[in-house]
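Comments concern the structure below.
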Amino acid sequence: MKKLTVIGGLGFIGSHVCAKFLDEGWEVNAVDHMAEKTQEKQMIEMNMGRNAHFTFIHKNVNEVRLSNENAVYVYVADNEKKEEVLAFASSLNHHDRLLYLSTTRGSELRTSLEEELQALARSKPFGLLILRSPQAYGLHSNLALTHIDEQVKQGNSDLIYINDLVDYVYAVMEKENGMYSLEGSEQENGDSLPFSPKWTLEEGLRAYREAEKKWIRQNDLK
């Protein structure tokens, strides 16, 4: 069975990435320090914990001790914490593989971090995939439904429904090492992936609403 460790695994994107790979038959470790131990995160961990192939590791990313070579990681924790990202990448072993989801909005910080990750990957060396993505929305997102509704009215194309994003994360794992961009993510370099989302903004908004209602109902949240 293939194994994967998701850094930031109980966050918005991370929890959906974990669910996707579990559905595809992978064994998944979720690393999350749960600085904000919200009821929502606790319920996410409890729900996924019912899957025998899911393991939650309650640690800060830089407390994780990496041992096995040829390990596979997806980094979806806070992109703004540059030092944490680079410290984690520096600890990777020879022949490990890292998929880094680049969602930082500031182009200067984003480019600088990507370049430093690429330099580390060459010097270690470890396999590196960088996926540039538009801003995602969906269940557990910090983007309120009212905000998404306004973006739909404005025809904002720089958004992607979470189900589409995790499909692309899964697909890019089969690619060769390198940088990839989804069209609509303000890419400046890297190979562009064909961007044919299954969900329109309107469909994604409806799905977001329904998923939130279902989540609240199932977990008896107020």
What distance do [X] atom [atom1] and [Y] atom [atom2] have between them, rounded to the nearest 0.5 Å?
{"X": "Leu129", "Y": "Leu98", "atom1": "CG", "atom2": "CG", "value": "8.0 Å"}
{"X": "Glu116", "Y": "Thr111", "atom1": "CD", "atom2": "OG1", "value": "11.5 Å"}
{"X": "Lys81", "Y": "Asn79", "atom1": "NZ", "atom2": "CG", "value": "11.5 Å"}
{"X": "Asn47", "Y": "Gln42", "atom1": "CG", "atom2": "CD", "value": "12.0 Å"}
{"X": "Leu205", "Y": "Glu210", "atom1": "CG", "atom2": "CD", "value": "10.5 Å"}
{"X": "Lys59", "Y": "His33", "atom1": "NZ", "atom2": "NE2", "value": "14.5 Å"}

Taking the side chain as everything from C-beta on, heavy atoms only, tell me whether [X] gets closer than 4.5 Å to [Y].
{"X": "Glu203", "Y": "Tyr161", "answer": "no"}
{"X": "Leu139", "Y": "Ile162", "answer": "no"}
{"X": "Asp167", "Y": "Lys198", "answer": "yes"}
{"X": "Asn62", "Y": "Phe88", "answer": "yes"}
{"X": "Arg209", "Y": "Asp149", "answer": "yes"}
{"X": "Lys3", "Y": "Asn29", "answer": "no"}
{"X": "Ile160", "Y": "Pro197", "answer": "no"}
{"X": "Val169", "Y": "Ile13", "answer": "no"}

Got more than 12 heavy atoms from elsewhere within 6.0 Å of [atom1], [X]?
{"X": "His53", "atom1": "NE2", "answer": "no"}
{"X": "Glu176", "atom1": "CD", "answer": "no"}
{"X": "Lys82", "atom1": "NZ", "answer": "yes"}

Carefully, step by step, assess Asn142 and Phe12 under the rule side chain to side chain contact (heavy atoms under 4.5 Å, CB included). CA-CA 8 Å; Asn142 290 328; Phe12 162 46; over 6 Å; no
Please lay out, stage by stage, how Met179 and Ser102 fare under the test side chain to side chain contact (heavy atoms under 4.5 Å, CB included). CA-CA 10 Å; Met179 184 185 296; Ser102 183; over 6 Å; no
N/O donor-acceptor pair under 3.5 Å between [X] side chain and [Y] backbone:
{"X": "His16", "Y": "His140", "answer": "no"}
{"X": "Asp96", "Y": "Phe126", "answer": "no"}
{"X": "Lys124", "Y": "Ser90", "answer": "yes"}
{"X": "Asp32", "Y": "Leu10", "answer": "yes"}

Which heavy atom in [X] sits nearest to a heavy atom in [Y], and how many Å separate them?
{"X": "Glu84", "Y": "Asn60", "value": "OE2-ND2, 3.8 Å"}
{"X": "Val85", "Y": "Asp78", "value": "CG2-O, 4.1 Å"}
{"X": "Trp199", "Y": "Asn163", "value": "NE1-CB, 3.7 Å"}
{"X": "Thr103", "Y": "Ser133", "value": "CG2-CB, 4.3 Å"}
{"X": "Gly8", "Y": "Val76", "value": "O-CG2, 3.8 Å"}
{"X": "Gly9", "Y": "Cys18", "value": "O-SG, 3.7 Å"}

Salt bridge or not for Lys20 and Glu24, using N-O below 4.0 Å? yes
Applying side chain to side chain contact (heavy atoms under 4.5 Å, CB included) to Val17 and Leu165, what does each step give before you reach the verdict? CA-CA 9 Å; Val17 169; Leu165 177 57; over 6 Å; no
Sort out for me which residue in Tyr73, Phe54, Tyr170 forms a ring-ring contact (aromatic ring centres under 6.0 Å, His included) with Phe21. Tyr170
Decide side chain to side chain contact (heavy atoms under 4.5 Å, CB included) for Ile7 and Val31; before the verdict, give the C-alpha distance in whole Å, the side-chain angles of both, and the deciding distance to 0.1 Å. CA-CA 5 Å; Ile7 309 300; Val31 176; 4.0 Å; yes
From the list Glu27, Arg97, Met173, side-chain contact (heavy atoms from CB on, under 4.5 Å) partner of Leu4 resolves to Met173
